[in-house]
**Student:** 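Starting off with a structure, shown below.
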Amino acid sequence: MKRQKRDRFQRAYVHGYKAGIGGRSRDDCPSQDVNIREYWMSGWREGRGDQWSGMTGVSGIHKNPMVT
């Protein structure tokens, strides 16, 4: 059974979210492509907001972007 490739924009968003929730800097974005960087930064911003709101660990499970 073959697995479909995940959308690279969704993957960038998820990696950005993980970086944001982990407290990493926005300068850690690995891509120089403008479109991918935009998705990564969107995820990073949401992750940082969730970190500041205390949505880490068990309390943030419902915010996990991998579930959607």
Side-chain angles (χ1 to χ4, degrees):
M1 182 172 168
K2 291 186 178 182
R3 288 176 29 176
Q4 290 181 338
K5 279 193 168 183
R6 284 181 261 154
D7 181 24
R8 63 187 210 171
F9 298 121
Q10 175 66 18
R11 198 168 61 227
Y13 176 85
V14 169
H15 286 148
Y17 182 84
K18 288 179 182 178
I21 202 84
R24 290 182 25 212
S25 172
R26 67 178 176 189
D27 296 330
D28 290 344
C29 180
S31 179
Q32 297 302 320
D33 182 12
V34 176
N35 293 327
I36 293 176
R37 186 173 177 84
E38 183 178 322
Y39 277 87
W40 193 92
M41 288 298 291
S42 293
W44 181 85
R45 282 187 204 101
E46 187 165 346
R48 288 298 280 183
D50 288 349
Q51 183 195 33
W52 292 331
S53 299
M55 298 290 231
T56 58
V58 175
S59 62
I61 287 175
H62 69 285
K63 286 288 291 188
N64 189 343
M66 293 297 289
V67 175
T68 58

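Note that the structure is predicted; figures quoted are calculated from it, not measured. Keep in mind that the numbers below use all heavy atoms, side chains included, and drop hydrogens, waters and symmetry copies.
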**Student:** Using the test side chain to side chain donor-acceptor pair (under 3.5 Å), find all partners of R24 that sit at least two apart in sequence or belong to another chain.
**Tutor:**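 Once residues adjacent in sequence are excluded, the partners of R24 under the side chain to side chain donor-acceptor pair (under 3.5 Å) criterion are D28.
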
**Student:** Could you check W44, Y17, F9 and say which one makes a ring-ring contact (aromatic ring centres under 6.0 Å, His included) with Y39?
**Tutor:**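 For Y39, the ring-ring contact (aromatic ring centres under 6.0 Å, His included) check succeeds only for F9.
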
**Student:** Got a sec, which residues hit side chain to side chain donor-acceptor pair (under 3.5 Å) with Q51, two or more places apart in sequence or on another chain?
**Tutor:**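 Q51: side chain to side chain donor-acceptor pair (under 3.5 Å) contacts with R48.
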
**Student:** Which pair of non-hydrogen atoms, one from W40 and one from S25, has the smallest distance, and what is that distance?
**Tutor:**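 Scanning both residues, the minimum pair turns out to be CH2-O, 4.0 Å.
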
**Student:** What are the two closest non-hydrogen atoms of Y13 and S42, and how far apart are they?
**Tutor:**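 Taking every non-hydrogen atom into account, CE1-C, 3.8 Å.
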
**Student:** Nearest 0.5 Å, what's the CE-CZ distance between M41 and R45?
**Tutor:**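 Here the rounded value is 4.5 Å.
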
**Student:** Sequence neighbours left out, what passes side chain to side chain contact (heavy atoms under 4.5 Å, CB included) with D33? Give chain and number order.
**Tutor:**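 Once residues adjacent in sequence are excluded, the partners of D33 under the side chain to side chain contact (heavy atoms under 4.5 Å, CB included) criterion are R8, S31, N35, I36.
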
